[in-house]
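Worksheet for the structure shown next.
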4 protein chains.
Amino acid sequence: MPRKPNTELRRRQIIEGLLKTMAVHGYAGATIQAVAAASGLAPGLLHYHFHDKREMLVALVDQLVAYAQHRYEVRANSATTPRERLRAYIDARLAYGEDANPDAVAAWVMIGAEAVRDAEVREIYRRAAERELALLQRLLKACLVHEGKRVRRLNHVAAGLLAYVEGCFMLAANARDLVPRGFAAEMAAEWVDRYIAQEAASARVAARPTPSRRRSAP
Amino acid sequence: MPRKPNTELRRRQIIEGLLKTMAVHGYAGATIQAVAAASGLAPGLLHYHFHDKREMLVALVDQLVAYAQHRYEVRANSATTPRERLRAYIDARLAYGEDANPDAVAAWVMIGAEAVRDAEVREIYRRAAERELALLQRLLKACLVHEGKRVRRLNHVAAGLLAYVEGCFMLAANARDLVPRGFAAEMAAEWVDRYIAQEAASARVAARPTPSRRRSAP
Amino acid sequence: MPRKPNTELRRRQIIEGLLKTMAVHGYAGATIQAVAAASGLAPGLLHYHFHDKREMLVALVDQLVAYAQHRYEVRANSATTPRERLRAYIDARLAYGEDANPDAVAAWVMIGAEAVRDAEVREIYRRAAERELALLQRLLKACLVHEGKRVRRLNHVAAGLLAYVEGCFMLAANARDLVPRGFAAEMAAEWVDRYIAQEAASARVAARPTPSRRRSAP
Amino acid sequence: MPRKPNTELRRRQIIEGLLKTMAVHGYAGATIQAVAAASGLAPGLLHYHFHDKREMLVALVDQLVAYAQHRYEVRANSATTPRERLRAYIDARLAYGEDANPDAVAAWVMIGAEAVRDAEVREIYRRAAERELALLQRLLKACLVHEGKRVRRLNHVAAGLLAYVEGCFMLAANARDLVPRGFAAEMAAEWVDRYIAQEAASARVAARPTPSRRRSAP
DNA sequence: CATGAATGAGGATTCATTCAT
DNA sequence: CATGAATGAATCCTCATTCAT
């Protein structure tokens, strides 16, 4: 009578325990004993389901990335315009809501630090960043096109937005009460709006190759 | 014949060694042995000049904060307009230049993660953040006033800029080649420009020096 | 298939190893390595069963106190008169016999020294001293009452006897061959005898079995 | 111009610092740094005046022994009868007075523990104990002879008194407030009195070789 | 003699990982 | 699968001792 393997359940439990522990103690401080306690499992069991501690970290990073992806998709599904989809992205990353997870934010900061020293973690982090940048570029482009604006330097703007998002996580983890409550999504939306508003109309007839954006048109 | 104390020199050496080591291995990975090697000193000596490892970290954080302050001041000294001073801030934090220090950027990310778990580090981090926010508000306000714009929600904008800066550090440490080279300062400047450009003009003749944004205009 | 805990066994092994090691090298000299070797266990295991070295010391002190208590009780059980019970106490503390433990005596001297510097150890030492003093007072009082003697200054006499016992331990540890073999219990018994012999007779004929010395006679 | 060597002064300073430090922290806890601080000297200087730490300890033990000797001699000088001289000894060791030194008492307990593990310290301790025992025997014998009592088992009684004295030190160091203030000298004197009082008269005429001391004479 | 920095061996403690049950 | 004891390498920290100045 083969028992139903509960490996998946256990792995989720363990990753959840690692998330909670890392959010408070960082990766180095998340000892197997502590993670086991947070998971409600025996320490020995963790190495049955994961080969070593780094494998748990990798699984956690994967899960957080997937979770972020999911947050966006849920919101994007109920968006109909490019503007709404971009807003969906911003909210998925920055808005406080029922599905907000402070532990995940703190853990993500820890992961960012761990990525600096661990090539494998860094690789996952970078792949996630790449996806974010690509998604942002698509979203921004759609907005600009939709509004008849010129499309240029998407990679700069996307990089700026991603940096902003990452920085908001850092501030949320360390200086939440120094910044206005809920400023993150609000300011992101506003900046995007102003950015799009000030982009020039798409050049068809137009003219001088690269009119400086600094000087107002005569 | 008493020896003349060289503690300050040694402390600087040690902090320098910690900076380099942390930039690569993080705080937990910056073992006393490794820091000693990076400093060119015997391991035991580190505990002669610092009580423990955390004291070294605290000293490093203090030094990085002071260094950032100094970077700004140097640039601000040669600025004459509010706009230039704000630009000086952005460049001090984000521009690549001769005094740019990739190790310091990576170490700062590590410190941000360490701040999550270490109350004393967090306190220093927060005090630094407070100073940055206050400085940003002053700089932004000066620009707006100088251009006859309405002054409002400075704390939101300052928080947004600080988040952006912190996020740029994270990307610089982990995803440098995924983002356009030198985008950080450039995009910051551009966003600030557009932000100021779109603010409405200050309420006319009236002209109390600092119209509170809290009270509705008469 | 869960393992059955063997912590108690291990803790006893470790304490035993600490006892042996301390008897020779003192507390500071009882390194974890040395205690582990004396216990036949791996060094790391000691910190699995005890949080730190002081916890081992505290457990050892507790155990020695309990052991002393047990030595007395065994002997007291076969005593029928107050005099015999007092003698049982003296023998339990000072007589050489099959259950005598030179290591315990030497370790107790080390513990006395450690108590001077360690508040927690001192507290246990003091609680043990309190119990000894109380016990001695009861034993002495019973003797005096039983012999129709006046009961007074029990606390002085008890303190004197306890001091004597502690001092015998010190001499046993450091100067065994300078003092007559087995003098300790013998002299204690003799002094107690002479003390009781010279106490004046209790006031009056009265003689309810245990006249309280606190309340004045009716 | 040869400077007056202040070696002796320095050595005394250092020993004094060791005494104070050991009284609180024990020998292992009396680090060179701590002793230097307590002496008001630079750490390096301690190894100029003493070859190593143990040499300081040995010097301290010697000094404490000499100090104890001196305390007795001062008091003995003003004694005229054997009884007074014995009392002088008891007071020199146990009485609270202007020259009482709680640090010395605590340090002596530490030394007793250190003697267990350090052969050289033990040797000094033992020599001191031998002198004490011999002195006590002389004092006791003089009393007995002076009062026309039989002289016997002096070594037992002397050992008992020395044990008592050592034990009083231990209690003074660890349980001062559990015992009546000033009980130590008082009880010692009383016990000696009763001991002498109950010794039989010197056998001239007398008689039965060893009359049991247990049964009262008919 | 005096200073205080420097050294490095040694010790307590932690912890990922293994493994017997 | 599960448990929790066991291992030992790695790490922080201490400290006696040395030594350049």
Side-chain angles (χ1 to χ4, degrees), chain A residues 2-7 9-10 28-36 40-56, chain B residues 1-7 9-11 28-36 40-56, chain C residues 1-7 9-11 28-36 40-56, chain D residues 2-7 9-10 28-36 40-56:
Chain A
R3 281 191 283 170
K4 181 178 58 162
N6 54 1
T7 296
L9 168 62
R10 288 286 180 259
T31 69
I32 295 292
Q33 297 279 341
V35 175
L41 300 173
L45 198 54
L46 274 63
H47 278 88
Y48 179 85
H49 292 287
F50 291 93
H51 177 257
D52 61 15
K53 198 178 149 184
R54 265 189 62 233
E55 201 177 287
M56 299 175 209
Chain B
M1 243 163 298
R3 297 180 57 166
K4 79 164 168 251
N6 61 348
T7 297
L9 168 63
R10 287 287 178 263
R11 286 176 67 100
T31 69
I32 295 291
Q33 295 280 342
V35 175
L41 300 172
L45 195 55
L46 274 63
H47 283 96
Y48 182 80
H49 293 289
F50 289 96
H51 176 66
D52 60 14
K53 201 177 144 182
R54 264 189 64 232
E55 201 179 286
M56 299 175 209
Chain C
M1 243 165 295
R3 294 180 60 166
K4 80 166 166 251
N6 61 347
T7 297
L9 168 63
R10 287 287 178 264
R11 285 176 69 101
T31 68
I32 294 292
Q33 294 281 341
V35 175
L41 300 172
L45 195 55
L46 274 64
H47 283 93
Y48 182 80
H49 293 289
F50 289 95
H51 177 65
D52 60 15
K53 200 177 144 181
R54 264 189 63 232
E55 202 179 285
M56 298 174 209
Chain D
R3 281 190 283 172
K4 182 176 59 159
N6 54 1
T7 296
L9 169 61
R10 287 286 181 260
T31 69
I32 295 291
Q33 297 279 341
V35 174
L41 299 173
L45 199 53
L46 273 63
H47 278 89
Y48 179 84
H49 292 289
F50 291 94
H51 178 256
D52 61 14
K53 198 178 149 184
R54 265 188 62 234
E55 203 178 284
M56 299 176 209

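Below, chain A is the first sequence line, B the second, and so on; all start at residue 1.
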Just to confirm, is there a sub-4.0 Å distance from OP1 or OP2 of F:dC12 to any side-chain nitrogen or oxygen of B:His51?
no
Would you say F:dA5 has OP1 or OP2 under 4.0 Å from some side-chain N or O of C:Thr7?
yes
Starting at [atom1] of [X], measure out to [atom2] of [Y] and round the result to the nearest 0.5 Å.
X: A:Leu41; Y: A:Tyr48; atom1: CG; atom2: OH; value: 13.5 Å
X: D:Ile32; Y: D:Leu45; atom1: CD1; atom2: CG; value: 11.0 Å
X: B:Arg10; Y: B:Thr7; atom1: CZ; atom2: OG1; value: 9.0 Å
X: B:Leu46; Y: B:Arg11; atom1: CG; atom2: CZ; value: 11.0 Å
X: C:Asn6; Y: C:His49; atom1: CG; atom2: NE2; value: 5.5 Å

Taking for each residue the nucleotide of DNA chain F bearing the nearest heavy atom, is the 5' side occupied by B:Thr31 or by D:Met56?
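In this pair, the answer is B:Thr31.
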Residue closer to the 5' end of DNA chain F, B:Gln33 versus A:Gly44 (nearest nucleotide)
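Its nearest nucleotide being more 5', the pick is A:Gly44.
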If you only use heavy atoms from C-beta on, which nucleotide in [options] is closest to the side chain of [X]?
X: A:Leu45; options: F:dT3, E:dC1, F:dC12; result: F:dT3
X: D:Ala42; options: E:dG4, F:dA16, E:dT14; result: E:dG4
X: A:Arg10; options: E:dA12, F:dT17, F:dA2; result: F:dA2
X: C:His47; options: E:dA2, F:dC12, E:dT14; result: E:dT14
X: C:Asn6; options: F:dA5, E:dT14, E:dT13; result: F:dA5
X: C:Lys53; options: E:dA12, E:dT14, F:dT14; result: E:dA12
X: A:Ile32; options: E:dA5, E:dA16, F:dC12; result: E:dA16

The dot-bracket string of DNA chain E, counting Watson-Crick and G-U wobble pairs with both distances under 3.5 Å, using [ ] for crossing pairs and | for pairs to another strand, is .||||||||||||||||||||
Quickly work out the [X] [atom1] to [N] [atom2] distance and round it to whole Å.
X: D:Asp52; N: F:dT17; atom1: CG; atom2: P; answer: 5 Å
X: C:Glu55; N: E:dA12; atom1: CD; atom2: P; answer: 15 Å
X: A:His49; N: E:dT17; atom1: NE2; atom2: P; answer: 16 Å
X: B:Phe50; N: E:dA6; atom1: CZ; atom2: P; answer: 13 Å

Under 4.0 angstrom, heavy atoms only, what part of the nucleic acid is A:Ala36 near: base, sugar-phosphate, or nothing?
nothing
Expected output: side-chain A:Lys53 to main-chain A:Ala30 donor-acceptor under 3.5 Å
yes
Nearest non-hydrogen partners of B:Phe50 and B:Met56, listed with the distance:
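Closest pair (atom of B:Phe50, atom of B:Met56, distance): CG-CG, 3.5 Å.
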If you find the nucleotide of DNA chain E closest to B:Pro43 and the one closest to C:Tyr48, which residue's nucleotide is nearer the 5' end?
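Its nucleotide being nearer the 5' end, the pick is B:Pro43.
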